[in-house]
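Keep in mind it's a predicted model, so treat the numbers as computed, not measured. Quick note: numbers below take in every heavy atom, side chains included, and nothing from hydrogens, waters or symmetry partners.
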Amino acid sequence: MTPLEYLLGQRGIEHLVLTGQVTEQCILYSALDAYVRHYGVSVPRDGVAHIHERLANAALEMMERNMDAEITSCTEVRL
């Protein structure tokens, strides 16, 4: 358990929106961490950056298919 997990639990947060750099690494692993902790996940395609486009697309597909992540755009994110 990390301090972040504790804070999210204290606030009753059940769904995370992941944005940032290196889709095929940082975002993918953060989505996996959230998934195994039973958080819902959204990843806006235009809110993440990649190093290798092909690997980033594969990572987004894995998140959607294997982790039930919602792959969307920044304008479509549900807050």
Side-chain angles (χ1 to χ4, degrees):
M1 181 174 225
T2 67
L4 178 59
E5 185 177 4
Y6 173 78
L7 291 171
L8 293 173
Q10 288 296 307
R11 297 194 174 261
I13 294 172
E14 298 175 348
H15 191 95
L16 304 175
V17 178
L18 300 179
T19 63
Q21 297 181 347
V22 195
T23 306
E24 62 274 29
Q25 292 174 4
C26 302
I27 301 298
L28 175 61
Y29 298 134
S30 294
L32 181 57
D33 283 344
Y35 176 76
V36 299
R37 288 172 173 81
H38 307 286
Y39 289 98
V41 173
S42 293
V43 180
R45 283 185 180 273
D46 53 343
V48 293
H50 59 268
I51 296 172
H52 301 285
E53 184 176 6
R54 183 177 54 81
L55 296 176
N57 288 334
L60 289 168
E61 185 176 338
M62 283 183 2
M63 287 181 258
E64 185 174 44
R65 204 178 272 192
N66 300 335
M67 299 171 216
D68 202 26
E70 178 182 32
I71 308 303
T72 185
S73 72
C74 287
T75 58
E76 296 173 335
V77 169
R78 297 174 293 122
L79 298 177

TODO: Kindly indicate, with the supporting measurements, whether the criterion side-chain contact (heavy atoms from CB on, under 4.5 Å) is fulfilled by Leu28 and Thr23.
DONE: CA-CA 6 Å; Leu28 175 61; Thr23 306; over 6 Å; no
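Grouping the Ile, Leu, Val, Met, Phe, Trp and Tyr side chains by contacts below 4.5 angstrom, directly or via other members, places Val36 with Met62. Both Tyr35 and Leu18 sit in one connected hydrophobic cluster of ILVMFWY residues. Membership requires side-chain heavy atoms under 4.5 Å apart, directly or through other members. Leu32 and Ile71 fall within the same hydrophobic cluster, where Ile, Leu, Val, Met, Phe, Trp and Tyr residues are linked whenever their side-chain heavy atoms come under 4.5 Å apart, directly or through other members. Note on Leu55: it does not cluster hydrophobically with Ile27, by side-chain heavy-atom contacts below 4.5 Å among ILVMFWY residues.
When the side chain to side chain donor-acceptor pair (under 3.5 Å) test is applied to Thr72, the partners found at least two apart in sequence or on another chain are Glu76. In this structure Glu61 satisfies the salt bridge (charged side-chain N to carboxylate O under 4.0 Å, His left out) test together with Arg65, sequence neighbours excluded. The side-chain contact (heavy atoms from CB on, under 4.5 Å) search around Glu53 returns His50, Asn57, not counting sequence neighbours. With sequence neighbours excluded, no residue satisfies side-chain contact (heavy atoms from CB on, under 4.5 Å) with Gln21. Looking at residues two or more places apart in sequence or on another chain, you find a side-chain contact (heavy atoms from CB on, under 4.5 Å) between Leu4 and Thr2, Leu8.
The CD atom of Glu5 sits 4.5 Å away from the CZ atom of Arg37 when rounded to the nearest 0.5 Å. Taking CD of Glu64 as the start and CG of Leu60 as the end, the distance is 8.5 Å to the nearest 0.5 Å. From His38, atom NE2 reaches atom CD of Glu14 across 12.0 Å, with rounding to the nearest 0.5 Å.
A donor-acceptor pair under 3.5 Å is formed between the side chain of Glu24 and the backbone N or O of Ile51.
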Pairs of donor and acceptor atoms involving the side chains of residues 39-49, under 3.5 Å and at least two apart or interchain, shall be tabulated with distances.
| from | atom 1 | to | atom 2 | distance (Å) |
| --- | --- | --- | --- | --- |
| Ser42 | OG | His15 | NE2 | 2.7 |
| Ser42 | OG | Glu70 | OE1 | 2.9 |
| Asp46 | OD1 | Cys74 | N | 2.7 |

